[in-house]
Amino acid sequence: MADHRPGAGAVFLDRDGVLNRAVVRRGRPHPPASAAELEMLPGAVDACEMLRAAGFILVVVTNQPDVARGTQSQVEVEALNHEVRRHVPLDGVYVCPHDDGDRCPCRKPRPGLLVAAADDHGIDLTASFMVGDRWRDIDAGRAAGCRTAFIDYGYDERRPRWADVVVGDLSEAAHWICLMQSEPREELRAGL
C-alpha cells in the first residue's frame with residue numbers, strides 16, 4: 001500500500017467490466033469463472049498508473065453475489081482479486097459477497113464498501129471518484145458523495161439515472177478524472 005496524505009482523494013473502481021473483461025451473457029455482465037480466465041481490459045493498467053501518478057488512492061469495490069448464490073467460491077473470488085492485483089497496484093480491494101435479499105449495507109448501490117475504504121485509508125469521499133459499468137456502481141458512488149464516471153457498454157439492463165460523465169472505457173474515465181481533480185466541487189455541480 002502506498003503512503004497517502006490524510007484526506008486524500010480516491011478512485012473507486014468496480015472490478016469486472018472496468019479493470020478486467022466481464023463475461024457478457026444474455027446482455028448482462030458476469031465475472032470470469034476463474035483466475036485463469038481473467039483478461040485485463042486494454043488500457044486499464046495504464047489508466048491506473050495515470051491515476052496513481054495524479055496522487056489518487058486506488059480501491060476496488062466489487063459486488064460478488066455469486067458467492068451467496070453458491071455458484072462461485074470465496075476462494076475463487078480472492079484468486080481473481082489476487083490476479084488483478086498482479087497487474088494493478090491497488091491500495092485495497094473491498095468485496096461484498098452478498099445477494100440483494102441479504103440487504104447488507106455493503107452491497108452496491110449502497111455505499112458501505114466505499115465508506116469502509118474511506119475509514120480504513122483516510123479518504124475524503126468528496127474528493128473521490130467512482131468508476132463503474134453498472135447503475136449500482138454509479139448509485140453507490142453518488143450515495144457516498146463521490147463524482148461518478150459510467151462506462152457504457154450498452155448492457156441489457158437499467159442504466160444509471162445520473163452520472164457526472166459517460167465514457168467508453170477506463171482510459172477515458174482516467175483522463176476526465178485528472179481534468180476534474182482540480183475543479184472545485186461546487187463549480188462542477190453548478191455547471192451541470
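All heavy atoms count here, side chains included; hydrogens, waters and symmetry mates do not. Numbers here simply count residues along the sequence, with the first being 1.
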Assess whether side-chain contact (heavy atoms from CB on, under 4.5 Å) is satisfied between M50 and H175, documenting all intermediate values. CA-CA 8 Å; M50 175 194 304; H175 285 284; 3.2 Å; yes

So, the side chain of [X] versus the backbone of [Y]: is there a donor-acceptor pair under 3.5 Å, distance only?
X    : Y    : result
D137 : R134 : yes
R85  : L90  : yes
E157 : G27  : no
N63  : K108 : yes
E83  : A79  : no
R147 : T126 : no

Determine, stepwise, if the pair L80 / V84 fulfils side-chain contact (heavy atoms from CB on, under 4.5 Å). CA-CA 6 Å; L80 284 160; V84 169; 5.7 Å; no

Please report the interatomic distance [atom1]([X]) to [atom2]([Y]), rounded to the nearest 0.5 Å.
X    : Y    : atom1 : atom2 : result
H98  : R107 : NE2   : CZ    : 10.0 Å
C48  : M40  : SG    : CE    : 6.5 Å
N20  : L38  : CG    : CG    : 4.5 Å
D133 : D16  : CG    : CG    : 8.0 Å

Please determine whether side-chain contact (heavy atoms from CB on, under 4.5 Å) holds for the pair D139 and R161, giving the CA-CA distance in whole Å, both sets of side-chain angles, and the decisive distance to 0.1 Å. CA-CA 8 Å; D139 284 8; R161 288 184 296 262; 3.8 Å; yes

Please report the shortest heavy-atom distance between [X] and [Y], naming the atom on each side.
X    : Y    : answer
M130 : C146 : N-CB, 4.2 Å
A149 : A173 : CB-CB, 4.0 Å
T148 : D164 : N-OD2, 2.7 Å
C96  : C106 : SG-SG, 3.2 Å
H121 : I57  : O-CD1, 4.0 Å
G168 : I151 : O-CG2, 3.6 Å

Determine, using ring centers only, whether F56 and F129 are less than 6.0 Å apart. yes

Side-chain heavy atoms of [X] within contact of [Y], under 4.5 Å:
X    : Y    : result
L170 : L41  : no
F12  : S128 : yes
R26  : D156 : no
V93  : H82  : no
V59  : L13  : no
R136 : R110 : no
D14  : V131 : no
R28  : Y155 : no

Are Y153 and V18 joined in one hydrophobic group, where the rule is that I, L, V, M, F, W and Y side chains link up if heavy atoms are under 4.5 Å apart? yes

Salt bridge flag under 4.0 Å for residues D152 and R159: yes

